Every structure is written in structure tokens, then in C-alpha cells.
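Here's the structure, in C-alpha cells; my notes come after.
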Amino acid sequence: MKNRLFSLVRESCARVAGLARSVSINRDLIGDYVTSLPIEKALNPVMDTENHFCDDSEAALVYFLVLDCINFGSGWFSELDLESGCSNGYFTIASRLKRDFIARGNYSPGFLQQMSAEECCRVFGQRPDNPAAFQLMTLFAAAMRDFGDLLQRDFSGSCRELVLGAGNSAAELGARLLKMPFYRDIFPYAGRDVYLLKRVQITASDLYIAFNGSGYGRFDDICDLTIFADNLVPHVLMLDGILQYSDSLAAAIASGQMLVSGSDAEIEMRACCVHAVELMREELAIRNILVSSQGLDYLLWNRGLDERYARTPSHVTRCVFY
């Protein structure tokens, strides 16, 4: 039987979009919007090698699994010590992890199992006396310990066994990752669970892009992925007019008010974003342009790095899911 993990994301997010009170999708704009996008970027995603470790395939496999194990923290990024010349928290984390991989050679499961917040402060260049940074480094350490435990307990300490044993299935890899609590991006909404699964999906996507869809990056169901709902892609779609927020939600975001992870409004932003991109993908298919939601996520996330999007604050939530 086919693993329906990503179907659960699509179906539950579509249900939220139909019930949402604080977020709506401007369907009338989708046709014009998709024709304005540089779709070739979605069709040909390329891994950024400046900030990511891609030199040695065995070590790169471990690097991307570790990176996506800690691929969260946007709610803390404004308070981190960032890399010189870099205003992006994610790229600071990715590049400093790359630097440590170059220096160390690799991370063993045993090393991951012993990870501490203090060691994370060293790796990621954060001051232990910065309360916000130390809080995030504490969560990073817990995530890495969980990952080391998973490898030792279920996969003979081998990242290779974790990935290749999934049988070229992103959904099966996702089911394996869901054994770790920080990956369980699932929340109740209107009496039923909503599956968002940002980091479960981005792990397969990063491996797919880094390894050009072969070897450790071969996933025959890569087109089943949805987008990876975080705080940036909803922000892009809101500023581009595809998502519309209620006055109260827009005011809360503009004032810098922190939104609670799992609150109705926060779920609606992320779920409506997922569903809006599914509608975009369907609109493109009508126009005989076949593109995956994974590719559209790559396009929209990188679009969000432009200054015109950075000028306006996106929503802030402190959680282990994005």
C-alpha cells in the first residue's frame, strides 16, 4: 500500500483553507500570478554550495541530515549573532555547520548523542550569555541527540541505512524521521489533525537537490511533496496578493507580536499557503506546464530573499518546526 503521508498534508491543508477565518486565498489572482513567475527556477533547483557542504558525498549526506534536523529557529534568528555580511539566520546556521564539517570531517552518531548547548554555541558562533541564542542552541542540541539516538537504535548508526533503506521513497524516509518528536509538525484544528511536516519534506528535497536526484537523492515520489510551510513562503504569497490576512492578524504581524505555534491563525497561514501552491500547480498543469510543489517552494522561498520582501516583517513564531 502506498504511503499516504504527503496526501495527508494536502488533504488536511485543503480542509483548513475551507474553514479558515483569519486567512483567505485570492483565487482570482492565481492565473495571472503563475504566468508572472520565472518557472524555469522551479524546474531546475540548484543547491547553494557557498553556504552548504557538498564536497564529499558520504559526509554531505550526514551534513544535510544534521542540517535539516536543526532546520528551525526563525523565531529566534533576529537575536542571533549572524555571519559577517549575512542577514539571514538560516544561511548563518548552514554555513557555520559547513565550516565545522570541514574542520571535523563528519559527525558520528556518538558525537550527536553527546551534543550539548555549549557545543552548539561553539559550532554556530553564539554567546552562551545571550538568553535567546542559548535557548535555541539548547533545542538544537536536543534535536541532534534525538537524531543520534535514532541512528544508533534503528539504523546501525548509519545515515546511509536510514536513507537508502527507505527504498527511494521520500514518504518512507519521512515516516522514519517522524520517530523524532521535533519532526511531528501535526496540530489539531477544528476537531481534526492538520499535517504540515515542513522538516520531514525539506529533508527529502534537500537531498534530492544536493545529489541531483540520484544516489542518496533519488526519491521516486519527489513530486508528491507539498511546499514546506514556514514563515517566509506565506509572507511572499501575502505580499504578492495570493494570501489575504484579516485586519487583526495583519496588525499583530506588523507590530511584531509573536504568534503561538499551533494557534488557529498560525495554522491557517501555513495550511492556506500549502493549498494555495497546490492551486498554483494545478493552474500551471492546465497550461501544460508540469512543475512540482517542491520546485515551487524552491522558487518562492528564494523569491522571499529579495529586499522588497525583507522590508516587511513576516510572522514570528518560536517553535521546532520552522
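These figures come from a predicted structure and were not determined experimentally. Heavy atoms only: backbone and side chains are in, while hydrogens, waters and symmetry mates are out.
Of the inter-residue distances, the one linking Y208 atom OH with S214 atom OG reads 9.5 Å to the nearest 0.5 angstrom. Of the inter-residue distances, the one linking D149 atom CG with L112 atom CG reads 9.5 Å to the nearest 0.5 angstrom. Atom CG in L305 sits 11.0 Å away from atom OH in Y90 (nearest 0.5 Å).
The backbone N or O of V320 sits less than 3.5 Å from a side-chain atom of R199, completing a donor-acceptor pair. Between the side chain of R270 and the backbone N or O of C13 there is no donor-acceptor pair closer than 3.5 Å. Here the side chain of E268 pairs a donor or acceptor atom with the backbone of S22 at under 3.5 angstrom. The backbone N or O of A170 sits less than 3.5 Å from a side-chain atom of D221, completing a donor-acceptor pair. Judged purely by atom type and a 3.5 angstrom limit, Y216 has no side-chain atom pairing as donor or acceptor with the backbone of E58. Put simply, the side chain of T312 never gets that close to the backbone of Y309: no donor and acceptor are under 3.5 Å apart. Using a distance-only test at 3.5 Å, with no hydrogens or angles considered, no donor-acceptor pair links the side chain of Q135 to the main chain of P131. Of the possible donor and acceptor atoms, none in the side chain of T203 sits under 3.5 Å from a partner among the backbone N and O of D68. No side-chain donor-acceptor contact under 3.5 Å links E79 to the backbone of A133. Of the possible polar contacts, none joining the K98 side chain to the C54 backbone as a donor-acceptor pair under 3.5 Å is found.
With salt bridges taken as basic N to acidic carboxylate O contacts below 4.0 Å, one links R104 and D100. Between E11 and R15 there is no salt bridge, since none of the side-chain N atoms of the basic residue sits less than 4.0 Å from a carboxylate O of the acidic one. Ion pairing between a basic and an acidic side chain is recognised when a charged N comes within 4.0 Å of a carboxylate O; D154 and R176 show no such pairing.
Each of L300, T226, D297 was checked for a side chain to side chain contact (heavy atoms under 4.5 Å, CB included) with V277, and the lone residue meeting it is L300.
By the 4.5 Å heavy-atom criterion applied to side chains, Y245 and P234 are counted as neighbours.
Residue R308 qualifies as enclosed at atom CZ: its count of foreign heavy atoms under 6.0 Å is above 12. With a 6.0 Å radius and a threshold of 12 heavy atoms from other residues, nucleotides or ligands, E161 has its CD atom above the threshold. Residue R145 places its CZ atom among more than 12 non-hydrogen atoms of other residues, nucleotides or ligands, all under 6.0 Å distant. In E307, the CD atom is crowded: over 12 heavy atoms of neighbouring residues, nucleotides or ligands sit closer than 6.0 Å.
Taking the six-membered ring for Trp and thresholds of 30 and 60 degrees, F187 and F321 have ring planes more than 60 degrees apart, a perpendicular arrangement.
Applying the ring pair (Phe, Tyr, Trp, His ring centres under 6.0 Å) test to F124 and every residue at least two apart in sequence or in another chain returns F140.
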Could you pull out all donor-acceptor pairs under 3.5 Å where a side-chain atom in residues 248-259 meets a protein atom, sequence neighbours excluded?
| from | atom 1 | to | atom 2 | distance (Å) |
| --- | --- | --- | --- | --- |
| S248 | OG | S246 | OG | 3.3 |
| S255 | OG | A251 | O | 3.2 |
| S255 | OG | A252 | O | 2.9 |

